[in-house]
Protein chains: 2
Amino acid sequence: MRRQTKQREAVLKAIAGSSSHPTADMIYDEVRKAIPEISKGTVYRNLRVLQEMGQVLELTLDGHVSRYEAKQDSHYHFRCESCGRVSDLDIPVDEDMNRRVSAITGLKVARHQLEFCGICDECQTASKKNKGG
Amino acid sequence: MRRQTKQREAVLKAIAGSSSHPTADMIYDEVRKAIPEISKGTVYRNLRVLQEMGQVLELTLDGHVSRYEAKQDSHYHFRCESCGRVSDLDIPVDEDMNRRVSAITGLKVARHQLEFCGICDECQTASKKNKGG
DNA sequence: TTAGGTGCAAAACCTTTGCCATCCC
DNA sequence: GGGATGGCAAAGGTTTTGCACCTAA
């Protein structure tokens with residue numbers, strides 16, 4: 001049976017309270033503010049458990065480090081190719097696309113993930129500054 | 001200046017000659033058939049160089065291990081959630097989507113990646129067999 | 001000739017795991 | 001009380017890197 005612990009709560013809170021799709025390391029840093037003695041192993045274990053519980057989603061699109069977000073309605077992401085930040089996009093999800101692709105390919109498509117890439121506003125501004133423009 | 005070496009050639013050939021989006025390890029195994037003394041470091045270095053040269057693409061969608069494919073026209077992927085295999089999909093790429101998303105979000109979208117997930121035919125067959133059905 | 005490339009091995013990095021103490025139910 | 005959980009540290013897997021030697025151009 002699953003128990004409720006302050007460590008687990010804190011990990012979930014760190015994710016839910018962030019809009020930046022934090023990495024395990026960022027979550028670890030955040031949680032340590034409240035529970036300084038927490039270990040990284042515990043963070044990773046709880047990330048796994050919270051995924052199993054369906055409360056957290058792991059994102060690995062185009063990055064070598066996993067990022068996490070609190071479970072919510074399906075949506076798409078934008079990743080900045082300069083700073084690596086990931087943000088949620090407020091555009092409609094094409095829920096019918098899985099069915100259409102199934103029809104075309106014959107594969108049983110259960111879900112899809114869509115990630116847009118480019119340079120975020122902040123990085124574009126920073127880049128202009130550096131160029132003196 | 002970039003040199004042409006048999007190691008680099010062999011790495012590219014291993015990727016181009018495979019339809020399975022091999023991992024670095026799979027490429028290493030394949031290349032060793034021709035060049036037994038090649039080292040993993042060389043494989044990784046060449047994977048990086050070939051990406052810089054624009055001849056190879058790294059795929060990291062929803063997986064913790066990078067997979068590689070020879071550069072070709074933009075296309076979408078299907079990943080089997082059971083065996084992890086990645087295959088190319090023969091469906092049209094929505095090239096206009098970046099522009100539409102830019103218009104909606106105000107972000108400068110340069111590209112997008114779309115991955116469909118499910119269980120491939122082989123794994124479905126295997127699963128039926130195991131259940132005695 | 002010589003800068004780029006290779007092989008090897010160690011290091012770096014992210015994540016998982018074994019062990020035992022601890023804590024929730 | 002007992003099993004789930006935590007802390008610690010070591011191990012695991014993938015990728016990178018330092019160094020001395022080699023080789024394509």
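Below, chains carry the letters A, B, ... as their sequence lines are ordered, and counting in each starts from 1.
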List the residues meeting side chain to side chain contact (heavy atoms under 4.5 Å, CB included) with B/Glu9, not counting sequence neighbours, and say none if there are none. B/Gln4
From CG (B/Asp94) to CE (A/Met97), nearest 0.5 Å: 9.0 Å
Lys/Arg-Asp/Glu bridge criterion (N-O < 4.0 Å) met for B/Lys40, B/Asp25: yes
By ring-ring contact (aromatic ring centres under 6.0 Å, His included), which residues pair with B/His112, not counting sequence neighbours? A/Phe116, B/Tyr76
Heavy atoms, side chains only, cut-off 4.5 Å: are B/Glu30 and B/Ile27 in contact? no
With sequence neighbours left out, the residues meeting side chain to side chain donor-acceptor pair (under 3.5 Å) with A/Ser39 are A/Thr42
So the ring pair (Phe, Tyr, Trp, His ring centres under 6.0 Å) pairs with at least one residue in residues 79-106 of chain A (sequence neighbours excluded) are none
Shortest non-hydrogen separation from B/Ser20 to B/Arg67 and the atoms involved: O-NH1, 3.2 Å
Hydrophobic cluster identity match, B/Ile15 and B/Leu57, side-chain contacts under 4.5 Å: no
Verify same cluster id: B/Val49, B/Leu59 (apolar side-chain graph, 4.5 Å): no
For a 4.5 angstrom cut-off between non-hydrogen side-chain atoms, does B/Val109 reach A/Phe78? yes
For nucleotides 10-13 of chain D, which of its nitrogen or oxygen atoms have a protein nitrogen or oxygen under 3.5 Å away, and what is each distance?
none

Base, sugar-phosphate, or nothing for A/Arg45, non-hydrogen atoms under 4.0 angstrom? base
More than 12 heavy atoms of other residues, nucleotides or ligands under 6.0 Å from CZ of B/Arg85: yes or no? no
Give me the residues of residues 7-18 of chain A where at least one heavy atom lies under 4.0 Å from an atom of DNA chain D, by number, or none. A/Gln7, A/Arg8
First and last nucleotide of DNA chain C in contact with chain B, 5' to 3', at under 4.0 Å to a heavy atom: what are they? C/dA3 to C/dC8
Validation row: B/Leu89, B/His77 side chains within 4.5 angstrom (heavy atoms): no
What is the distance, to the nearest angstrom, from the CZ atom on A/Arg48 to the P atom on D/dG6? 14 Å
For the hydrophobic clusters of this structure (ILVMFWY residues joined by side-chain heavy atoms under 4.5 Å, transitively), does one cluster hold both A/Met26 and A/Leu47? no
Taking only residues two or more places apart in sequence, or in another chain, which ones meet B/Arg8 in a side chain to side chain donor-acceptor pair (under 3.5 Å)? B/Asn46
Measure OH/B/Tyr68 against P/D/dT14 and give the value in whole Å, please. 12 Å
ring-ring contact (aromatic ring centres under 6.0 Å, His included) partners of B/Tyr44, counting only residues at least two apart: none
Which atom pairs link the protein and nucleotides 22-25 of chain D when you take only N or O atoms and keep those under 3.5 Å?
{"residue": "D/dT23", "atom": "O2", "partner": "B/Arg3", "partner atom": "NH1", "Å": "2.7"}
{"residue": "D/dA25", "atom": "OP1", "partner": "B/Gln4", "partner atom": "N", "Å": "3.4"}

Counting C-beta onward and ignoring hydrogens, is there a side-chain heavy-atom pair between A/Val56 and A/Glu69 closer than 4.5 Å? no
Going by heavy atoms closer than 4.0 Å, what residues in residues 24-44 of chain B are next to DNA chain C? B/Glu37, B/Ile38, B/Ser39, B/Thr42
Rounded to the nearest 0.5 Å, how far apart are NE2 of A/His21 and CZ of A/Arg79? 9.5 Å
Dot-bracket for DNA chain D: what is it, with Watson-Crick or G-U pairs under 3.5 Å, [ ] where a pair crosses earlier ones, and | for a pair to another strand? |||||||||||||||||||||||||
